Structures are given as structure tokens and as C-alpha cells.
Amino acid sequence: MSMYYICVGLHLLALSFWLGHMFVWSLVVGPAVKRLEPRATAELLREASLFRGGLGWPALAVLIPTGLYMLHYRGIELSQLLSGEAFQGTQGVVLAVKLACVAGMMVYQAVVGHRPAPIAIYFDMLLALIVIGASVVLVRGWI
């Protein structure tokens with residue numbers, strides 16, 4: 001049982017780093033940095049925040065295995081995910097929505113990444129909020 005709680009803690013920590021960096025940079029730091037003078041200082045701060053590609057991929061390297069372990073703990077195996085068996089019923093639909101949104105965020109990160117995308121980042125943030133909401137619904141068993 002303690003391994004499950006370690007995975008939950010690591011999962012939440014990685015999620016906090018990934019989404020926290022995205023929200024704080026996009027809503028607070030990014031707009032403030034755009035107003036900095038000289039422009040070289042603003043670019044230096046932006047590059048420092050993206051050191052080694054940002055936090056997205058390292059966070060996913062923790063989120064995926066811990067998420068799979070937590071699903072295994074709840075009786076959902078990788079084979080059930082791949083076959084679609086895990087997506088039956090109301091909770092299965094919520095799980096499918098969550099995983100589809102995570103996949104969408106991964107595609108966004110791979111395609112758009114850290115290039116300027118003033119409108120697309122808000123869709124990525126919306127996906128992140130849906131992931132959080134779906135996670136809460138799944139864990140709390142509200143459906």
C-alpha cells in the first residue's frame with residue numbers, strides 16, 4: 001500500500017511542476033517578460049526558463065509510469081487500456097476523456113512546444129483543467 005502512496009505523491013509533484021510551470025509562465029511571467037527592456041534581458045530570462053526543454057517532458061517521464069501503476073492498483077491493466085476495455089461505463093468514459101486530453105497536451109508540447117502560440121496555449125490550459133477535473137472525478141468516485 002505504501003508504494004501506491006509514493007506513486008500518488010510523485011504523480012502529484014510531477015503534475016504540479018508541469019502544469020504550474022505552464023500556467024505561471026503563460027499567465028504571469030511571460031507577459032511581464034515581454035515588457036522588459038532591454039530585449040536581450042527578456043530573451044535571457046525566457047531561455048533560462050526553458051533550460052533543457054522546460055519541465056514538460058521530464059514531468060511526463062514521471063507521470064506515465066506512476067499513472068500506469070496507480071491504474072494497475074485500481075485493477076486496470078495496460079492491455080485493457082490498449083484494447084479499449086478500460087473505457088466502458090461512465091468511469092471509463094471519464095478516463096478516456098482524461099487520457100485523450102493528456103495526449104492532446106503531449107501533441108501540443110511536441111508540435112508547438114515553446115514557440116510563441118498566443119491562442120493555442122489557452123487550449124492547452126483548458127485541456128489541463130479538464131485533466132485535473134477528470135482526475136478528481138475518478139479518484140473521488142463522484143459518478
Side-chain angles (χ1 to χ4, degrees), residues 1-36 39 41-143:
M1 183 87 125
S2 63
M3 182 63 169
Y4 175 78
Y5 290 118
I6 290 170
C7 281
V8 169
L10 288 172
H11 200 78
L12 291 174
L13 186 64
L15 176 74
S16 299
F17 279 124
W18 187 24
L19 300 186
H21 181 265
M22 176 180 59
F23 279 97
V24 169
W25 180 261
S26 299
L27 298 175
V28 179
V29 179
V33 166
K34 287 180 184 175
R35 294 187 202 119
L36 281 180
R39 295 295 305 153
T41 303
E43 192 56 36
L44 182 67
L45 285 172
R46 184 180 186 289
E47 286 176 21
S49 93
L50 301 176
F51 177 67
R52 296 198 181 162
L55 298 173
W57 296 117
L60 281 168
V62 174
L63 288 167
I64 292 170
T66 56
L68 289 172
Y69 180 81
M70 291 185 300
L71 285 173
H72 167 75
Y73 183 83
R74 293 175 175 268
I76 300 173
E77 299 298 328
L78 181 59
S79 61
Q80 293 172 305
L81 289 173
L82 295 175
S83 71
E85 183 182 334
F87 306 124
Q88 297 185 10
T90 311
Q91 281 207 319
V93 170
V94 175
L95 179 61
V97 167
K98 175 185 175 175
L99 295 179
C101 289
V102 169
M105 291 174 68
M106 290 172 66
V107 167
Y108 171 86
Q109 188 168 320
V111 173
V112 177
H114 300 291
R115 289 178 285 178
I119 302 297
I121 187 64
Y122 294 109
F123 289 111
D124 195 43
M125 287 186 220
L126 177 62
L127 292 177
L129 292 174
I130 293 169
V131 167
I132 292 169
S135 299
V136 170
V137 167
L138 287 170
V139 170
R140 300 305 297 168
W142 287 344
I143 53 169

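The basis for the numbers below is simple: all heavy atoms, side chains too, and nothing from hydrogens, waters or symmetry mates. Since we're looking at a predicted model, the values are computed, not measured.
- Residue Val102 forms a side chain to side chain contact (heavy atoms under 4.5 Å, CB included) with just one option from Leu63, Val97, Val131, and that option is Val131.
- Arg74 has its side chain within reach of Val139: a pair of non-hydrogen atoms, C-beta onward, lies under 4.5 Å apart.
- Every residue two or more places apart in sequence or in another chain that forms a side-chain contact (heavy atoms from CB on, under 4.5 Å) with Val8 is listed here: Tyr4, Leu12, Met70.
- Remark: Glu85 engages Gln80 in a side-chain hydrogen bond (donor to acceptor under 3.5 Å, both in side chains) (not counting sequence neighbours).
- Among residues two or more places apart in sequence or in another chain, the side-chain contact (heavy atoms from CB on, under 4.5 Å) test is passed with Leu129 by Phe23.
- Pairs engaging residues 90-99 under the side-chain hydrogen bond (donor to acceptor under 3.5 Å, both in side chains) rule: Lys98-Ser135 [sequence neighbours left out].
- Here CD1 of Ile121 is found 11.5 Å from CG of Leu126. Values are rounded to the nearest 0.5 Å.
- Judged as a side-chain contact (heavy atoms from CB on, under 4.5 Å), and not counting sequence neighbours, the contacts of Val112 are Tyr108, Ala117.
- In this structure, CE on Met105 lies 5.0 Å from CG on Leu19, to the nearest 0.5 angstrom.
- Among pairs with a residue in residues 117-126, none fulfils side-chain hydrogen bond (donor to acceptor under 3.5 Å, both in side chains), at least two apart in sequence or across chains.
- For the pair Ala14 and Ala59, the tightest heavy-atom approach, listed with the atom from each and the gap, is O-CB, 3.6 Å.
- Remark: Leu68 CG to Cys7 SG distance equals 10.0 Å, nearest 0.5 Å.
- Counting non-hydrogen atoms of other residues, nucleotides and ligands closer than 6.0 Å to OH of Tyr69 gives a total above 12.
- Listed by chain and residue number, Ile6, Val62, Thr66 satisfy the side-chain contact (heavy atoms from CB on, under 4.5 Å) test with Leu10 (two or more places apart in sequence, or in another chain).
- How far CH2 of Trp18 is from CE of Met22: 7.0 Å, rounded to the nearest 0.5 Å.
- Smallest separation of non-hydrogen atoms from Leu81 and Phe87: O-CE1, 3.4 Å.
- When every heavy atom of Cys101 is checked against every heavy atom of Ile130, the shortest pair comes out as SG-CG2, 3.5 Å.
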